[in-house]
A.B. asks: 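Encoded as structure tokens, here's the structure I'll be asking about.
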Amino acid sequence: MSELRVATWNVNSLRARMPRFLPWLEAKRPEVVCLQETKVVDELFPREEIEDLGYECAVHGRKTYNGVAILSRVGLEDVQKGLGDGEAEDEHRVISADCGGVQVVCCYVVNGQKVGAERYDYKLRWFERLTSRLERTVDTANEKVLVVGDYNVTFDERDIWNPDQWRGKILCSEPERAALNGLMQRLDLTDAFRAMHPDEGDHYTWWDFRTFAWKRNRGLRIDHVLASQVAMQAMTGVHIDREARDGEKPSDHAPVIAALEV
DNA sequence: ATGGTGGATTTTCCA
């Protein structure tokens, strides 16, 4: 038995974040790292610096927006990019791979902008497409499966610094939560952080760059590790790496790191 | 009700 740590981090531009990302990667050395908002086409992905630290890279990026990647130093097999449902545009928001016997899916869910906006409806439809994609490509009934990433949805008021002010708003609305919970029910996935930290609030993963949100700890928990039952049984811990949100030129998200015995 | 900051590519979009 050995420990396998899987981190998920919305880096908000990998190239802009390299001065923070590389030292973090060297210090933490998670076996698997899932990145969102890489904002870089595959040809310009900073592959060499990451490979020098012992990682293989699977990338699915585009110019300016979105982009996802999986880095692994325990193998990277069966890489599948995108939603794969034949629709014209999937916005480079999903990539999956088998890493050391764990089925890892890295997701960057649509933000949605504002309840009722066109992008909000697109977000709800995109959740349905993601759910179908997972039903086609992962075996949650039998395998260790981790579906991680920036879901842009809170589960409940424990995930919100001021629930009254956010009630019904984007990232907190009931249709978004129904879409996320529906995905989890259909795939039999568990919110691993909450399972390991029941009844605790004040555990956020995103703090808005505006309004001094970090300094005031005005955050939301919107980055999640969703785990199959087999993965949950192997899980030893999940934590949010708040240090990575502090200091110079941080991302607006903190990494979430899950550890399992494999 | 609005705008605040940050990143990429620009005088604006997206978050």
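Reminder, nothing fancy here: chain letters follow the sequence lines and each chain counts from 1.
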A.B. asks: Please report the distance, rounded to the nearest Å, between CH2 in A:W206 and P in B:dC14.
C.D. replies: 17 Å

A.B. asks: Between A:E174 and A:R177 (salt bridge meaning N to carboxylate O under 4.0 Å), is one present in this structure?
C.D. replies: yes

A.B. asks: In whole Å, measure the gap between the P atoms of B:dT9 and B:dA15 for me.
C.D. replies: 16 Å

A.B. asks: Taking CH2 from A:W207 and C1' from B:dG6, how many angstroms apart are they, rounded to a whole number?
C.D. replies: 17 Å

A.B. asks: Counting side-chain heavy atoms from C-beta on, which of B:dC14, B:dG4, B:dT9 comes nearest to A:T64?
C.D. replies: B:dT9

A.B. asks: Rounding to a whole Å, what distance do you find between A:F212:CZ and B:dG4:C1'?
C.D. replies: 9 Å

A.B. asks: Where the side chain of A:Q113 is defined as all heavy atoms beyond and including C-beta, which of B:dT9, B:dC14, B:dG6 is the nearest nucleotide?
C.D. replies: B:dC14

A.B. asks: Of the options B:dC13, B:dG4, B:dG6, whose atoms approach the side-chain atoms of A:F209 most closely?
C.D. replies: B:dG6

A.B. asks: Taking atom P in both B:dA1 and B:dT11, what distance in whole Å separates the two?
C.D. replies: 30 Å

A.B. asks: A:L171 CG to B:dC14 P: how many Å, rounded?
C.D. replies: 16 Å

A.B. asks: Looking only at side-chain atoms of A:Y108, point me to the closest of B:dT9, B:dA8, B:dA15.
C.D. replies: B:dA15

A.B. asks: Round to a whole Å and report the spacing from CD of A:E37 to P of B:dC13.
C.D. replies: 17 Å

A.B. asks: In this structure, which one of A:I222, A:I240, A:N12 forms a side chain to side chain contact (heavy atoms under 4.5 Å, CB included) with A:H253?
C.D. replies: A:I222

A.B. asks: With heavy atoms under 4.0 Å as the rule, sort A:R62 into base, sugar-phosphate or nothing.
C.D. replies: nothing

A.B. asks: Could you work out the separation of B:dG6 and B:dT2 based on their P atoms and round it to a whole Å?
C.D. replies: 23 Å

A.B. asks: Does a side-chain N or O from A:S13 land closer than 4.0 Å to OP1 or OP2 of B:dA8, or not?
C.D. replies: yes

A.B. asks: So A:W214 and A:W207, would you call those rings parallel, tilted or perpendicular, with 30° and 60° as cut-offs?
C.D. replies: perpendicular

A.B. asks: Can you confirm if the NZ or CZ of A:K123 lies within 45° of the ring axis of A:Y120 and under 6.0 Å from the centre of its six-membered ring?
C.D. replies: no

A.B. asks: Does the side chain of A:K249 get closer than 4.0 angstrom to OP1 or OP2 of B:dG7 through an N or O atom?
C.D. replies: yes

A.B. asks: Could you state the CD-P distance from A:E118 to B:dC14, rounded to the nearest angstrom?
C.D. replies: 10 Å

A.B. asks: Send over the distance from A:Q165 CD to B:dG4 C1', rounded to a whole Å.
C.D. replies: 13 Å

A.B. asks: From CG of A:D208 over to C1' of B:dG7, roughly how many Å is that when rounded to an integer?
C.D. replies: 14 Å

A.B. asks: A:E91 or A:T211: which one's nearest nucleotide on DNA chain B is closer to the 5' end?
C.D. replies: A:T211

A.B. asks: Would you call A:R73 and A:E56 a salt bridge, using N to O less than 4.0 angstrom?
C.D. replies: no

A.B. asks: Check the phosphate of B:dG7 against A:R15, side-chain N and O only, distance under 4.0 Å to OP1 or OP2. Yes or no?
C.D. replies: no

A.B. asks: How do A:R17 and A:G112 order along DNA chain B: which one's closest nucleotide is nearer the 5' end?
C.D. replies: A:R17

A.B. asks: Among all residues two or more places apart in sequence or in another chain, which pass the salt bridge (Lys or Arg N to Asp or Glu O under 4.0 Å) test with A:D159?
C.D. replies: A:R194, A:R221

A.B. asks: Would you classify A:R93 as touching base, sugar-phosphate or nothing, given that sugar-phosphate means primed atoms plus P, OP1 and OP2, and contacts are heavy atoms under 4.0 Å?
C.D. replies: sugar-phosphate

